[in-house]
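A quick write-up on the structure given underneath.
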Amino acid sequence: MTDKKTVSPCQSSGIPSEGKVPGSADSLNAEGKEIVNHNQSINAAVTNTAGINGKRYVAGMYGGCFNPLHLGHLECIIRAAGLCRELYIVISYREHPSDIPLRVKIRWLYTLTKHLGNVRFIPLPDKVTRKEDYTEDLWLEDARKVRAEIGKPLNAVFCGSDYDENSFWHVCYPEAELIVFPRSRYSSTAIRNDIYGHWDWMPRAVRSYFVKKVLIIGGESSGKSTLTINLAHYFNTVYLEETGRDLSMLSGTDAWMLGEDFTRILLEHKDREIRLQEEADKVLFIDTDCLITRFFLDFLGGGDGVGAGAGGSAAADDTARNQRLSDAISDLNRYDLILFLEPDVEWVQDGDRSEVIAADRLRYSEMIKELYRSRGFGFQVISGDYNSRFDKAVSLVKDLLALNSSYPGFSGSSGGTPRGAAAETPAG
């Protein structure tokens, strides 16, 4: 359902922000009568045949901004689709930071309706940004566009009970029967004002767009895995474990890894991140990323590691290709918060951790910091004992979910912040 009293971005494109038509409805009557006369005989035939397969209407329409789509919209769509042989969903959109991208809206609607088989989409761009600029001629122009896209007589228009027979839906589509569904408690405006406070109002397919991504990085044995899992359990969500942990041991030690092992780590880690974002509840915690893999590529192939220089030119070529792959994935990555763990907890030899790194932990920790800085990522630095780290991290994540959680200015992780959201500062 289209929200009542929403000024932006639904004030044009044939989808009004208010429940009433601005100005007198009489100015629209002439064109409306022509449409009714033109389709009168056809609609009579439609009425006589619309009972096929239990569908009451041949062609129906439901419109909205879906900014974002909520359970109230979904219920209306389900009920409207159950009454129509074909249901056309008109999607209002505009290129503006406060509006969710059209492609995202279409993905939501397709995901939620593809099983129905009778739903079609009609994107309709907004032309104006102010409600007062949306004049009656624009209303009629948009209605003509919708009819042209449908290409057949429209005999049902669906809307919520915040609209009535004097609304745009009825006045601009006089040839169609107006079907009003009871207005639900759900509101896109309320969701935009408090995304995470109305989390349960959105279908699961919609929520993933708003999931915050928190990356935990640092040197070896800095507590990354422990903190990642603890945070995920505390916030009752999922986490992405370090993909390279098992793959790095396929030769018994990371010193003799094959080039394809690094390729698998880079690709599988990104693939798992994308999939887990669909399962996450408000926030996804990620243990390391492609730049940590890049660090070990440099470490093992650049003279510091045990196996450095082994393998000749073929190994060097593999390293160069994986470095380029790491950089390419890094260009795609967006995080809402990055936590960098200082190497000030006890070193634990867990598996095949490098004794070279253990001997100079601060140096290698600073190298990782510089790698992230060079790629444009900011981060929050966390130090102290395990409980202090946990407390500081929880506080930062709670702030993340409380701040930047409403429109305008908020963008989901699918768009994300340009590189790193957090400035490089100590957390305290």
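In this chain, residues are counted from 1 in sequence order.
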Next item on the list: Would you confirm whether the ring centroid of Tyr209 sits within less than 6.0 angstrom of the ring centroid of Trp108?
Entry: yes
Notebook entry, point to check: Okay, side chain of Lys105, backbone of Cys65: is any donor-acceptor separation there less than 3.5 Å?
Noted result: yes
Checklist line | Donor + acceptor pair across side chains of Asn333, Lys213 (<3.5 Å) | finding: no
Check: Is there a donor-acceptor pair closer than 3.5 Å between any side-chain N or O of Ser188 and the backbone N or O of Phe66?
Finding: no
Next item on the list: Write out all pairs satisfying side chain to side chain donor-acceptor pair (under 3.5 Å) with one or both partners inside residues 282-291, taking only residues at least two apart or from two chains.
Entry: Ser225-Asp287, Asp289-Tyr335, Asp289-Tyr372
Notebook entry, point to check: Given the rule in the side chain to side chain contact (heavy atoms under 4.5 Å, CB included) test, do Glu279 and Thr237 qualify, once you have shown the distances and angles that lead to the verdict?
Noted result: CA-CA 8 Å; Glu279 302 176 20; Thr237 187; over 6 Å; no
Checklist line | Polar side-chain atom of Asn322 near backbone of Asp318 as donor-acceptor pair, under 3.5 Å | finding: yes
Notebook entry, point to check: For Glu175, does its backbone N or O pair with a side-chain atom of Asn155 as donor and acceptor, under 3.5 Å?
Noted result: no
Notebook entry, point to check: So, the side chain of Ser222 versus the backbone of Gly219: is there a donor-acceptor pair under 3.5 Å, distance only?
Noted result: yes
Notebook entry, point to check: If you take all heavy atoms of Leu400 and Asp336, which pair is closest and at what distance?
Noted result: CD1-O, 3.7 Å
Next item on the list: State the CD1-CG distance between Ile338 and Leu291, to the nearest 0.5 angstrom.
Entry: 8.5 Å
Notebook entry, point to check: Considering all heavy atoms of both residues, which atom of Asn118 and which atom of Ala81 are nearest to each other, and what is their separation?
Noted result: ND2-O, 3.0 Å
Notebook entry, point to check: Would Glu342 and Arg389 pass as an ion pair if we require N to O under 4.0 Å?
Noted result: no
Margin query: Test side chain to side chain contact (heavy atoms under 4.5 Å, CB included) on Glu177 and Val157; report intermediate values, then the result.
Written below: CA-CA 6 Å; Glu177 182 177 348; Val157 171; over 6 Å; no
Margin query: Tell me every residue that passes ring-ring contact (aromatic ring centres under 6.0 Å, His included) with Phe121, counting only those two or more places apart in sequence or in another chain.
Written below: none
Next item on the list: Search all heavy atoms of Ala280 against all heavy atoms of Trp199 and return the closest pair with its distance.
Entry: O-CZ2, 4.4 Å
Next item on the list: Would you please test Ser388 and Asp391 for side chain to side chain donor-acceptor pair (under 3.5 Å) and show each step?
Entry: CA-CA 5 Å; Ser388 296; Asp391 290 340; 5.8 Å; no
Check: CE of Met202 to NE2 of His73: how many Å apart, nearest 0.5 Å?
Finding: 12.5 Å
Check: What closest approach, in Å, do Ala59 and Pro153 show between heavy atoms, and which atom pair accounts for it?
Finding: CB-O, 3.5 Å
Check: Mind checking whether Phe158 and Tyr62 have ring centres under 6.0 Å apart?
Finding: no
Note to self: To check you understand the geometry: which heavy-atom pair defines the closest contact between Gly72 and Ser184, and what is its length?
What the structure shows: CA-OG, 3.7 Å
Note to self: Considering only residues two or more places apart or on different chains, which pairs with a residue in residues 109-118 satisfy salt bridge (charged side-chain N to carboxylate O under 4.0 Å, His left out)?
What the structure shows: none
Notebook entry, point to check: Which pairs pass salt bridge (charged side-chain N to carboxylate O under 4.0 Å, His left out) with one or both residues in residues 61-78, sequence neighbours excluded?
Noted result: Glu75-Arg79
Check: Which pair of heavy atoms, one from Pro123 and one from Leu102, lies closest together, and at what distance?
Finding: CB-CD2, 3.8 Å
Next item on the list: Indicate yes or no: does Arg272 engage Glu268 in a salt bridge with an N to O separation below 4.0 Å.
Entry: yes
Check: Atom OG1 of Thr189 and atom CG of Asp194: how far apart are they, to the nearest 0.5 Å?
Finding: 13.0 Å
Item checked: With sequence neighbours excluded, residues passing ring-ring contact (aromatic ring centres under 6.0 Å, His included) with Tyr88 -> none
Notebook entry, point to check: Can you check whether Ser326's main-chain N or O pairs, donor with acceptor, with Ser330's side chain at less than 3.5 Å?
Noted result: no
Checklist line | SB check Arg144 Glu149 (cutoff 4.0 Å) | finding: no
Margin query: Please check: side-chain N/O of Asp344 versus main-chain N/O of Gly384, any donor-acceptor pairing under 3.5 Å?
Written below: yes
Next item on the list: Determine, stepwise, if the pair Ile179 / Phe181 fulfils side chain to side chain contact (heavy atoms under 4.5 Å, CB included).
Entry: CA-CA 7 Å; Ile179 297 93; Phe181 293 125; 4.2 Å; yes
Note to self: Donor-acceptor check, side chain of His198 to backbone of Trp201, threshold 3.5 angstrom: yes or no?
What the structure shows: no
Check: Can you find a pair of side-chain heavy atoms, one from Tyr93 and one from Ile100, that are under 4.5 Å apart?
Finding: no
Check: Can you find a pair of side-chain heavy atoms, one from Ile191 and one from Tyr186, that are under 4.5 Å apart?
Finding: no
Item checked: Between CG on residue Asp126 and CZ on residue Arg94, distance to nearest 0.5 Å -> 6.5 Å
Next item on the list: Verify, without hydrogens or angle tests, whether Gln277 (side chain) and Ser208 (backbone) share a donor-acceptor contact under 3.5 angstrom.
Entry: yes
Next item on the list: Would you check if Tyr239 and Glu241 make a side-chain contact, meaning some heavy-atom pair closer than 4.5 Å?
Entry: yes
Next item on the list: Indicate yes or no: does Glu141 engage Lys145 in a salt bridge with an N to O separation below 4.0 Å.
Entry: yes
Next item on the list: Determine, stepwise, if the pair Leu109 / Leu69 fulfils side chain to side chain contact (heavy atoms under 4.5 Å, CB included).
Entry: CA-CA 8 Å; Leu109 288 162; Leu69 187 150; 3.2 Å; yes
Check: Does Leu87 reach the side chain of Arg120, with side-chain heavy atoms less than 4.5 Å apart?
Finding: no
Note to self: So, using ring-ring contact (aromatic ring centres under 6.0 Å, His included) as the criterion, who are the partners of Phe235 when residues are at least two apart?
What the structure shows: Phe285
Next item on the list: State, with a plain yes or no, whether a side-chain heavy atom of Gln380 is found less than 4.5 Å away from one of Leu337.
Entry: yes
Check: What is the distance from atom OG1 of Thr228 to atom CD1 of Ile216, rounded to the nearest 0.5 Å?
Finding: 3.5 Å
Notebook entry, point to check: Mind checking whether Pro203 and Leu112 have side chains closer than 4.5 Å, heavy atoms only?
Noted result: yes
Check: Does the distance from a Lys or Arg side-chain N to an Asp or Glu carboxylate O, for Asp281 and Arg207, drop under 4.0 Å?
Finding: no
Checklist line | Point-to-point distance, once rounded to the nearest 0.5 Å, from CG of Asp271 to CZ of Arg275 | finding: 4.5 Å
Next item on the list: Side-chain contact test, heavy atoms from C-beta onward, threshold under 4.5 Å: evaluate it for Leu231 versus Val394 and give yes or no.
Entry: yes
Check: Heavy atoms, side chains only, cut-off 4.5 Å: are Ile122 and Ile89 in contact?
Finding: no
Margin query: Could you check whether any side-chain N or O of Thr226 sits under 3.5 Å from a backbone N or O of Gly223, counting only pairs where one atom can act as donor and the other as acceptor?
Written below: no
